[in-house]
Amino acid sequence: QELLEQVELLKAQISELERQERELDMQKSCLQQSLKHLKEDPSCCRYNYVTHEDICDVFSGDTLLAVMAPAGTQLEVPVPEVAQNGQKRYQVNLRSESAPIQVMLINRE
Amino acid sequence: SCLTPNSAYTYKFSGSPSKELIDINRMIRQGSV
Amino acid sequence: AQEFRNLELEKQKRLERIRQKRSQLEELILQQIAFKNLVQRNQANEASSKTPPPPGSVIQLPFIIINTDVRTVIDCSISSDKCEYLFNFDNMFEIHDDIEILKRMGMSLGLENGKCTPENLAVAKSLVPKSLESYVTGMARNTNRTPP
């Protein structure tokens with residue numbers, strides 16, 4: 001009898017979890033839509049930028065490359081290899097199929 | 001010349017989750033896959 | 001007993017899926033708040049300075065930031081149509097996307113690490129639809145719970 005009650009309780013919990021999962025799915029798709037509209041809204045696009053100071057404040061003292069590229073641009077980072085002179089070489093490839101890529105070198109000094 | 005591309009990590013602008021950059025940064029720090 | 005075990009398994013699987021979906025939803029909430037906050041800040045800055053920032057002095061979203069030590073030598077090759085870049089570094093670097101940068105700038109009001117002040121919580125809730133406010137409250141308290 002106890003096992004039967006446990007089974008009934010589990011069934012009720014699973015249907016509650018099913019409801020929660022459906023709600024999360026619905027909330028997530030609404031939010032993705034909302035974010036997409038925000039990023040495409042002309043009145044927002046005008047203001048969706050950061051300044052050099054913002055970036056320098058986040059990374060104090062480093063050399064920074066800011067890469068602005070269209071959505072879909074592919075960034076590729078091979079595993080570093082040791083060159084003949086024993087030094088490790090680190091590489092970044094950027095490839096855009098739709099529009100030119102802009103790269104800005106930022107250095108507080 | 002490009003390094004051996006077959007062992008490259010990739011990330012797509014506005015398409016990949018931030019986690020892929022975390023994996024790339026870890027790989028660069030460790031210098032291996 | 002067999003049915004009980006099967007249902008127990010089913011329940012664990014659903015709990016794990018809900019946990020993942022909630023963290024994905026929370027990440028999207030952070031993105032929405034950070035993005036709206038950035039737009040509002042820039043609007044306020046431009047209204048007070050009465051001029052937009054000089055062109056070339058801002059970095060438009062979407063972007064990534066590659067940061068490396070100041071002594072790193074960077075060699076760069078660019079294709080003529082500027083659609084392909086190849087960078088060689090003689091030192092390590094890190095790559096961060098715009099959302100990560102906005103969080104580090106404080107645009108997500110400390111929700112990402114449970115350090116959100118009551119004032120910032122009120123601002124954060126004003127930047128999301130009403131149906132998501134309880135998630136924002138849960139994030140501010142850094143408690144993982146599904147709202148009632």
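Per chain, numbering begins at 1; letters A, B, ... match sequence-line order. These numbers come from a predicted model, not from an experiment.
The aromatic rings of C:F87 and C:Y85 lie parallel to each other, their planes meeting at an angle below 30°, with 60° marking the opposite boundary. Between C:F93 and A:Y90, the ring-plane angle classifies as perpendicular under the 30° and 60° cut-offs.
In this structure, the side chains of C:L109 and C:V123 come closer than 4.5 Å at one or more pairs of heavy atoms. A:I55 has its side chain within reach of C:I65: a pair of non-hydrogen atoms, C-beta onward, lies under 4.5 Å apart. The shortest distance between side-chain heavy atoms of C:K125 and C:T137 falls below 4.5 Å.
Of the listed residues (A:Q32, A:K28, A:E21), the greatest number of heavy-atom pairs within a distance under 4.5 Å of chain C belongs to A:E21. Per-residue counts of heavy-atom pairs under 4.5 Å with chain A were compared for C:P53, C:S77, C:P129; the largest is that of C:P53. Considering only heavy-atom pairs separated by less than 4.5 Å from chain C, the leading option among A:T51, A:L105, A:D54, A:L64 is A:D54. Comparing C:L25, C:V128, C:D75, C:D69 by heavy-atom pairs within less than 4.5 Å of chain A, the highest count is held by C:L25. Note: C:I59 leads C:I74, C:I59, C:L7, C:L38 in heavy-atom pairs under 4.5 Å with chain A. Contact count against chain C (heavy-atom pairs under 4.5 Å) is highest for A:I101 among A:I101, A:L4, A:I106. Among the candidates C:E94, C:Q31, C:R17, the residue making the largest number of heavy-atom pairs closer than 4.5 Å to chain A is C:R17. Comparing C:N91, C:I29, C:T72 by how many heavy-atom pairs each has under 4.5 Å with chain A, the most go to C:N91. Put simply, of A:V58, A:T73, A:L10, the one with the most heavy-atom pairs under 4.5 Å next to chain C is A:L10.
Using a 4.5 Å cut-off between heavy atoms, C:R41 touches chain A through its side chain atoms alone. Residue C:N45: no heavy atom, backbone or side chain, is found under 4.5 Å from chain A. In this structure, the portion of A:Q13 lying under 4.5 Å from any heavy atom of chain C is its side chain and not its backbone. Residue C:D81 touches chain A through its backbone alone, counting heavy-atom pairs closer than 4.5 Å. For A:C45, the part lying under 4.5 angstrom from a heavy atom of chain C is the backbone only. Heavy atoms of C:T68 lying under 4.5 Å from chain A belong to its backbone as well as its side chain. Of the two parts of A:D57, neither the backbone nor the side chain holds a non-hydrogen atom closer than 4.5 Å to a non-hydrogen atom of chain C. Interface residue A:Q6: backbone and side-chain heavy atoms are both found under 4.5 Å from chain C. Contacts between A:Q74 and chain C at a heavy-atom distance below 4.5 Å are absent for every atom of the residue. The contact between A:A66 and chain C is made by backbone and side chain atoms together, counting heavy-atom distances below 4.5 Å. Heavy atoms of C:Q40 lying under 4.5 Å from chain A are absent altogether. Looking at C:Q24, only its side chain comes within 4.5 Å of chain A, counting heavy atoms on both sides. Only the side chain of C:I95 comes within less than 4.5 Å of a heavy atom in chain A; its backbone stays farther off. In this structure, the portions of A:M68 lying under 4.5 Å from any heavy atom of chain C include both its backbone and its side chain. Interface residue A:L75: only side-chain heavy atoms are found under 4.5 Å from chain C. The contact between C:F35 and chain A is made entirely by side chain atoms (from C-beta outward), counting heavy-atom distances below 4.5 Å. At a 4.5 Å heavy-atom cutoff, C:M107 makes no contact with chain A through either its backbone or its side chain.
For the residue pair C:N6/C:Q2, the side-chain donor-acceptor check at 3.5 Å is satisfied.
A salt bridge is absent between C:K13 and C:E16: the closest approach of a Lys/Arg side-chain nitrogen to an acidic carboxylate oxygen does not fall below 4.0 angstrom. Between C:E3 and A:K11, at least one side-chain nitrogen of the basic residue sits less than 4.0 Å from a carboxylate oxygen of the acidic one, meeting the salt-bridge criterion. Classification of C:K130 and C:E133 as a salt-bridged pair holds, one side-chain N sitting under 4.0 Å from a carboxylate O.
Between the OH atom of A:Y47 and the CD atom of C:Q43 there is a distance of 5.0 Å, given to the nearest 0.5 Å. How far CD1 of C:I66 is from CG of A:D62: 12.5 Å, rounded to the nearest 0.5 Å. Between C:M139 atom CE and C:E26 atom CD the span is 5.0 Å, to the nearest 0.5 Å. Annotation: the span from A:M104 atom CE to A:Q102 atom CD amounts to 6.5 Å, rounded to 0.5 Å. Note: A:D25 CG to A:Q20 CD = 12.0 Å, rounded to the nearest 0.5 Å.
Listed for the C:D98 side chain is a donor-acceptor partner under 3.5 Å among the backbone atoms of C:F63.
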